Structure formats: C-alpha cells, structure tokens
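Note that ligands are numbered from 1 as they come in the structure, with each ligand's atoms numbered from 1 the same way. Given the structure is predicted, the values throughout are model-derived calculations rather than measurements.
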Amino acid sequence: MEERAGARRRSRSPPMALLLLLLLSACSSAASGAPVLGEDYVRPPPAPRRCGVHRKALLSLFPWSKKKASSSASDPQQVHISLAGAKHMRVTFITDDNSVPSVVDYGTEAGTYTSTSQGESTSYSYLMYSSGKIHHVVIGPLNDNTVYYYQCGGHGPEFQFKTPPSQFPLSLAVVGDLGQTSWTTSTLNHIKQCEHDMLLLPGDLSYADYMQHLWDSFGTLVEPLASTRPWMVTEGNHEKENILFFKSGFQSYNARWKMPYEESGSTSNLYYSFEVAGVHAIMLGSYTDYDESSDQYAWLKADLAKIDRKRTPWVIILLHAPWYNSNWAHQGEGDSMMAAMEPLLYAAHVDIVIAGHVHAYERAKRVYKGGIDPCGAVHITIGDGGNREGLAHRYRNPKPTWSVFREASFGHGELKIVNATHAHWTWHRNDDEEPVRTDDAWINSLAGSGCIQDGSHEYRKILMSP
Ligand SMILES: *[C@@H]1O[C@H](CO)[C@@H](O)[C@H](O)[C@H]1NC(C)=O
Ligand SMILES: [Fe+2]
C-alpha cells in the first residue's frame, strides 16, 4: 500500500453506500473517557514543581492570548512549523485567498523582518471539499536556540518560535492520538505549561476521518503550540482516509503535514528522519510497506547505517502501532512490522521506540524479540492524547515481565535529554497538575554501553550487508 504521488482524480462521486460504510467503520465503539488507574498504579507523593520556575517567562514567549485583530481570507490560518534539515524550519500555513504569496518574512526582532523566503503551495479536493491554499515555506539558515518572529503571506499577525538548541539539554514533548476533544485541550494545556524545544507525535492527529473541515479545525486548535515549536509527526491509521478505487491514502495528511523526508533521503512523507542536538530521530510509517523488499526498509537500513553515535549519541524511533503492548486494544497489530524491522533497530542500538495507537500509557523495559534484553530499546506507548474514541482500559494479565508501568489515562510525555548518556522520561496525567509526574524513569543511552563496544556483535552485519 505504497502512497501514490498525485491522487487519482475522477469527477464522479463515489458510491454513497460505500462511503457511509467507510465512515461507520472509522468510528469505533465509543469507550468511556473516565480515567482508570492501572492495577500497578500507586499514587506518588506530589513531585516538586519542575516547570513552575520558568512558567511565567515561558508563557510570555507564547502568544496564547493574542487574538487576531481581524480575520480575512488572506490571513494565514493553521500555522505550524517543522524542522527542515539542519538549521532550517518549514513554516506551513493556509489561506482561503488563493492570491496570497507563499512567503515568510522573519527576523530576530519583533516587527523587524530581515529575511524573506519564498516557498511552494499545494491544495487538494476531497469529495465535496476543497482545501485552502496550503503554503510550505522553508526558512533559514537559522541560529540555534533563538527566538524568531515571523509573518506569513506578506501580512497579518506576527508569530514567533524558538529554534532548538544545538547541544544538550534538549526537551521533547511527546503526545500521541491527539484528536480534538476537551481531553485534547487539557493535554495541550499541560504541554504548553512545560518548557519544551520540540513536540513529537507518533500518529493519529486530527481524527478527521474523511470530514476534511476537521483537518482545518485541528490546525486551528494546535496553532498556538505548533506555531511556536517544531512539531514532528508521523502518520497513524486515522491519516489514511483512503476510499477503495477512488482515493489513495494520506492525501490530506501529506498536503498539510509535510515533513522533511526529502531532506533525509526518503522518497515518502510517510517516513523520514531528522537530527536535533545530539539526537537522531526516525519517524517510521506503520501504514506503508515495511517488509524486507520495501522502500521503507531499504531507506531505514541506510539511514541507521549512517548514524554517527559520537555526533548523535541518542537514537529514537517513533511509529504508530506499538510492538510491545499489553493492552487488549490493537493487540498484535504491530507484530509483522516488528518481525521485519526489529533486527535492524537492534543492530543499530536504538535507544527508545515511542508508539501511539493504543489509547493508554505503557512503558516497557529494554526489550528484543519479545523479551527483556539490555541491548534492546525501551518501548513506550503513549496513545493517550485525548481523541474522541476514549481510553483503552483492558489489560492482558498477568502483566508481561517487560511491562513496567501501564495505565489508561489521558496525558503526555516529556523526554528531557540531559547529556550524551542520561535522559529523564516522565509521563504526566491530565488529571494532575502539570508538574506531577505519574511515571518517571532515567534512561541511559546505549551509546556509552557495552552493547556498542562489543565489536563482535553479529547483528551489526545486518546494517552493513548490501
Ligand atoms: C549526565 O547526567 C547525569 C544525570 O544528571 C549525571 O549523573 C552525569 O554525571 C552526567 N554525565 C556527564 C558526562 O556529565
Ligand atoms: Fe491509531
């Protein structure tokens, strides 16, 4: 099911019965949203306020309260940014007015733009829906750890973002299966209270599920966060939106959430990699081909083989359908991808694999081939961003030995990479104050471990084979 460039276009409408069926199948049985504490859960004492100190200063960086003075068809909407190769940022925005140029003016002083970049634009139609003009403008080179002010399309309100640092520490906010409910709002409110350099999203963004205007409302909902820090996303099943014989998948996702795939040597927006500070991050596609003969497999192998652990001691992977999951929801759905790709990840000593899809939180020990392995990756499932389908409450028992912590509550994660060897992972439940960390673990990079120094490692051969 490789994505096809340039969706097939036909003027006739699809059989309505088929469409209805697809819509129905997209809406799974509604689960209740009430949080259920995992059986392993012990409420910890309140943690010290970690984010409180910088909170005021941080909030002043975000233009939350800034209301757009006026909103016209030429005003930029749904602004979000993403890394576009070293020292560059892709600014994405949408205008109703087709005559608005794809330009971004920017500079390091508010209201003073010293640079201008010209970009590209696209648009798409989907059944009765026609999108606005979707602009993608790459700007740079940019300085690290610097606040930039920018304006989209030559006029309208000013936005601002901060570029990530070039060195540790690096703070990553992590959220999966976000959707656009009041639970989502709660999650986003928690995230914005905590200092972060970038946000990572392992799939299932808008839950538009064929209703294209919901992509627009999602873009508007996340703009306050996504216009201020890069959002690096990969696709989930809800991004597919394919209609048999009529629409190939990922049309809206690819048009709106263009990620740096070309910059990372990939030929598909469905998988790519990027580097930030000392982290090599790989965003994989659970819903495109991944077997040994696939383009994604070949690209992943080449990408892993290129990693220089001295430059990027941390290797992190995000994908949608989890490989280690002890919730009954979506049990086994990641198995075939794991069978194909886990040996590559093991050979490359990947540190952390973050997945979504299951609407609950779970953290596993370092694992490989279904069991605990000190040279395997730490697996985290964090599909509890707040989508309309609710939480996944039922767990397999007894709990697998590799599972450390599991709980069905809405929340988000924070990965603070302290230095080349130590990272601090925390999971924050929406029911608590943001500074409260419900799950908490120090993770040591495999870069400094005996796993890599062992030159006789036979799996290493996999990466080097033609
Ligand atoms: C990395 O950070 C950890 C945790 O703060 C600390 O114990 C360790 O000494 C640091 N390592 C280096 C080389 O600074
Ligand atoms: Fe999903």
Side-chain angles (χ1 to χ4, degrees), residues 1 22 25-31 48 50 165 167-171 174-181 183-184 187 200-210 214 218 233-242 249-250 252-253 257 270 277-279 283-288 290 309-310 312-314 318-323 325 327-337 351 353-362 380-392 408 410 414-426 437 440-449:
M1 279 198 293
L22 280 163
S25 67
C27 312
S28 87
S29 57
R50 190 162 72 84
Q167 292 173 346
F168 304 126
L170 176 75
S171 290
V174 185
V175 64
D177 301 66
L178 198 49
Q180 39 191 319
T181 68
W183 300 316
T184 312
T187 306
L200 307 179
L201 200 166
D204 282 1
L205 285 69
S206 71
Y207 285 75
D209 296 330
Y210 306 94
L214 293 179
F218 178 78
V233 305
T234 188
E235 81 283 4
N237 50 311
H238 286 270
E239 273 66 71
K240 254 192 270 178
E241 301 184 308
N242 57 323
F250 305 107
S252 181
Y253 172 75
W257 290 85
L270 302 180
V279 176
M283 312 295 276
L284 292 181
S286 294
Y287 301 95
T288 185
Y290 42 66
R309 272 325 244 276
K310 290 200 179 70
T312 57
W314 290 90
L318 279 89
L319 48 82
H320 190 61
W323 296 357
N325 163 36
N327 194 297
W328 279 113
H330 303 299
Q331 210 24 252
E333 287 181 23
D335 284 2
S336 52
M337 188 185 191
D351 289 299
V353 177
I354 297 171
H357 202 33
V358 174
H359 301 160
Y361 170 75
E362 183 160 17
I380 292 165
T381 302
I382 189 151
D384 60 341
N387 69 81
R388 61 177 166 70
E389 293 174 353
L391 293 163
F410 294 115
E414 288 164 24
L415 183 63
K416 181 145 194 162
I417 304 191
V418 177
N419 56 34
T421 53
H422 286 66
H424 192 213
W425 166 259
T426 54
R437 40 207 199 208
D440 176 354
W442 281 96
I443 300 173
N444 295 335
S445 164
L446 289 180
S449 73

Distance check below 2.8 Å: does [X] bring an N, O or S atom to the Fe ion (ligand 2)?
X	result
D204	yes
H320	yes
H238	no

**Report entry** E362 side chain vs T381 backbone, donor-acceptor pair below 3.5 Å
**Finding:**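 No; zero donor-acceptor contacts below 3.5 Å.
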Residue from [options] passing side chain to side chain contact (heavy atoms under 4.5 Å, CB included) with [X]:
X	options	value
V358	H330, Q331, H320	H330
S445	N419, D351, I417	D351
L178	D384, L205, V233, L201	L201

Requested in this report: Provide, to 0.1 Å, the distance between atom 7 (O) of ligand 1 and the closest protein heavy atom, together with that atom's residue and name.
Outcome: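 Result for atom 7 (O) of ligand 1: H422 NE2, 4.4 Å.
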Query raised in the report: Considering only the protein, which heavy-atom contact is closest to atom 5 (O) of ligand 1, and what is its distance?
Result: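 Going by distance alone, atom 5 (O) of ligand 1 is nearest to V418 CG1, 4.0 Å.
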Query raised in the report: In H357, which N, O or S atom comes closest to the Fe ion (ligand 2)?
Result: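 Closest to the Fe ion (ligand 2) among those atoms: ND1.
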Query raised in the report: Given N419, I417, T421, which has its nearest heavy atom closest to atom 6 (C) of ligand 1?
Result: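 The option holding the nearest heavy atom is N419.
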Query raised in the report: Is there a side-chain contact between L391 and F410, using heavy atoms and a 4.5 Å cut-off?
Result: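 Yes, at least one pair of side-chain atoms sits under 4.5 Å.
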Query - Validation row: E389, Y207 side chains within 4.5 angstrom (heavy atoms) - result: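 SC-SC contact between E389 and Y207 confirmed.
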Query raised in the report: Is any heavy atom of the protein nearer than 4.0 Å to atom 9 (O) of ligand 1?
Result: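 No, there is no protein heavy atom closer to it than 4.0 Å.
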Query raised in the report: Heavy-atom distance from atom 12 (C) of ligand 1 to the protein below 4.0 Å?
Result: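 For atom 12 (C) of ligand 1 the answer is yes, since some protein heavy atom falls inside 4.0 Å.
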**Report entry** Gap separating the CZ atom of F168 from the NZ atom of K416, nearest 0.5 angstrom
**Finding:**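 Between F168 CZ and K416 NZ, I get 13.0 Å after rounding to 0.5 Å.
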